[in-house]
> 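My questions will all concern the structure given below.
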Amino acid sequence: MKQVSKITLCLLCVAMALTGCRDKVQSKADTANHQAAVSQSMNRISKVKKQGDMRQYDVADKQRITDFIPKGYKLFEKISGDLNKDGLEDCVLIIKATRKDGFVKNSFDKVVDRNRRGIIILFTEKNGYKLASKNYNCFSSENEEGGNYYAPELWVEERKGNLYLRYCHGRYGYWEYCFRYQNSDFMLIGYEVFHDRGPVVLFKTSINFLTGIVYDDENINADKYDDDSDDDSVADEVFKRTVIKLKKKPLMKLSEIEDFDELRFE
């Protein structure tokens, strides 16, 4: 009987020992799994944080547009738009010289900044900006003399993937240049001018440089207006069109135009 009791006691001790070892092994496994999970979680967090930092770096890199502005110039205006039809917002910078001798007195004896302006076009890419075209001095200042009226105002915008440079002259109309990116530069493909008397169009011209066709439209009722007001027409606008064919010439490059004020088309 005593022998049986000893055997039973030994078996119980072995069972308890095995159970303890199994629990210890399970505990180690659970700890290892937990540590692995934490490590994977930390790796994921680290990866996301790193990606976030990279995104922040890319954005910061793209914001350094001043890197493209040459010494002796400052940023005058920034315009955005997709100019190469890749779905990304590109950047147009209008810059202005900062020469001291550009400050002069106007006809009212007031000192104004007559420094000329230019243009820089940057294409947006994955890692920042790429220079597409530049012309540092092609525009006159915004403080030119306007005679009895104010000086024309330069307006820059993107429409349907093309770059438009418009000079607005209030009641007297406007003129506009259309550029398209091709052959590694922006080419002048269109021009339009409206000569107005207030709300009445007196004469308008449209040029397509791709086809070489010029449309001149003259309002034959331009001289029919109210004697008490030059702006109030007493007849509807009726236009007489003249079509002209230009001599074939290479398209003008934005980067090579010396002065927009001196452009003439024949």
> Give the cluster check for Phe265 versus Val193: same hydrophobic cluster or not, with ILVMFWY residues linked at side-chain heavy-atom distances below 4.5 Å.
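Hydrophobic grouping puts Phe265 with Val193.
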
> Using a 3.5 Å distance criterion without hydrogens, assess whether the side chain of Asn219 forms a donor-acceptor pair with backbone atoms of Glu237.
no

> Give a yes or no answer on whether the side chain of Glu158 reaches the backbone of Gly161 with a donor-acceptor pair at less than 3.5 Å.
yes

> Counting neighbours of CD on Glu153 that are heavy atoms of other residues, nucleotides or ligands and sit closer than 6.0 Å, is the number greater than 12?
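12 or below, so no.
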
> In the hydrophobic clustering (ILVMFWY, side-chain contacts below 4.5 Å, transitive), which residues join Trp155, or is it alone?
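Trp155 clusters with nothing; isolated.
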
> Check His169 against Tyr150 and note the closest heavy-atom contact, atom names and distance.
NE2-O, 3.0 Å

> Would you say that Arg180 contacts Lys160 through its side chain, given a criterion of any heavy-atom pair below 4.5 Å between the two side chains?
no

> State whether the number of non-hydrogen atoms from other residues, nucleotides or ligands found under 6.0 Å of Phe108 atom CZ is greater than 12.
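Not more than 12 within 6.0 Å, no.
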
> Under a 4.0 Å threshold between the charged nitrogen and the carboxylate oxygen, would Glu176 count as salt-bridged to Arg159?
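Yes, charged N to carboxylate O under 4.0 Å.
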
> Same cluster for Tyr191 and Leu246 if Ile/Leu/Val/Met/Phe/Trp/Tyr side chains link at under 4.5 Å?
yes

> Same cluster or not: are Phe123 and Leu75 linked, directly or through other Ile, Leu, Val, Met, Phe, Trp or Tyr residues, by side-chain heavy atoms under 4.5 angstrom apart?
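The answer is no; the residues belong to distinct hydrophobic clusters.
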
> Counting only heavy atoms not in Lys110, do more than 12 fall under 6.0 Å of its NZ?
no

> Can you get from Leu88 to Ile121 by hopping between Ile, Leu, Val, Met, Phe, Trp and Tyr side chains that sit under 4.5 Å apart?
no

> Are the side chains of Tyr129 and Ile120 in contact, using a 4.5 Å heavy-atom criterion?
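The answer is no; the side chains never approach within 4.5 Å.
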
> Which value, rounded to the nearest 0.5 Å, describes the distance between His195 atom NE2 and Trp175 atom CH2?
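Here the rounded value is 9.0 Å.
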
> Which hydrophobic side chains are connected to Phe239, either touching it within the sub-4.5 Å cutoff or through other members that do?
Tyr174, Phe194, Val201

> Which heavy atom of Arg116 sits nearest to which heavy atom of Asn137, and what is that distance?
NE-O, 2.8 Å

> What distance separates Leu93 CG from Ile119 CD1, expressed to the nearest 0.5 Å?
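That separation rounds to 8.5 Å.
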
> Tell me the closest heavy-atom pair linking Asp86 and Asn84, and the distance in Å.
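What the structure gives for the nearest pair is OD1-OD1, 2.9 Å.
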
> Mind checking side chain to side chain contact (heavy atoms under 4.5 Å, CB included) for Phe260 and listing every partner two or more places apart, or none if nothing turns up?
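Listed in chain order: Cys138, Phe139, Leu165, Tyr167, Tyr177, Phe179, Leu254, Ile257, Leu263.
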
> Please tell me whether Leu251 and Tyr181 are part of a single hydrophobic cluster in this structure, the criterion being side-chain heavy atoms less than 4.5 Å apart.
yes

> Does anything in residues 88-98 pair up under side chain to side chain donor-acceptor pair (under 3.5 Å), and if so which pairs, sequence neighbours excluded?
Lys96-Glu142

> Flag the pair Lys253 / Met187 as yes when at least one side-chain heavy-atom distance between them is below 4.5 Å, and no otherwise.
yes

> Could you walk me through whether Phe103 and Val111 pass the side chain to side chain contact (heavy atoms under 4.5 Å, CB included) test, one step at a time?
CA-CA 6 Å; Phe103 290 81; Val111 176; 4.2 Å; yes

> Over all heavy atoms of both residues, which pair between Val156 and Leu163 is shortest? Give the atoms and the distance, please.
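Closest pair (atom of Val156, atom of Leu163, distance): CG1-CD1, 3.9 Å.
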
> In the structure I gave you, are the side-chain heavy atoms of Ile94 and Ile79 within less than 4.5 Å of one another anywhere?
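With C-beta onward as the side chain, the pair touches.
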
> Suppose we screen for ring pair (Phe, Tyr, Trp, His ring centres under 6.0 Å). Which residues come up paired with Tyr136, at least two apart in sequence or across chains?
Tyr73

> Rounded to the nearest 0.5 Å, what separation is found between the CG atom of Asp67 and the CG atom of Leu131?
12.0 Å

> List the steps, then state whether side chain to side chain contact (heavy atoms under 4.5 Å, CB included) holds for Glu192 with Tyr164.
CA-CA 11 Å; Glu192 188 173 65; Tyr164 286 84; over 6 Å; no

> Mind listing the closest non-hydrogen atom pair of Ile95 and Pro70 along with its distance?
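Shortest heavy-atom separation between Ile95 and Pro70 comes out as CD1-CD, 4.1 Å.
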
> Could you pull out every donor-acceptor pair under 3.5 Å between side chains of residues 208-218 and any protein atom, sequence neighbours left out?
unit_1 : atom_1 : unit_2 : atom_2 : d
Asn208 : OD1    : Leu210 : N      : 2.8
Asn208 : OD1    : Thr211 : N      : 3.2
Thr211 : OG1    : Asn208 : O      : 3.4
Thr211 : OG1    : Ile213 : N      : 3.4
Asp216 : OD1    : Thr205 : OG1    : 2.7
Asp217 : OD1    : Arg241 : NE     : 2.8
Asp217 : OD2    : Arg241 : NH2    : 3.0

> Determine the sole option in Val92, Leu122, Asn162, Thr124 for which the side-chain contact (heavy atoms from CB on, under 4.5 Å) test with Leu83 is passed.
Val92

> Without swapping roles, check the side chain of Arg171 against the backbone of Asp196 for a donor-acceptor pair under 3.5 Å.
no

> Can you name the nearest heavy-atom pair linking Ala222 to Leu202, along with the distance?
CB-CD2, 3.7 Å

> Is the closest side-chain heavy-atom distance between Glu77 and Leu154 below 4.5 Å?
no

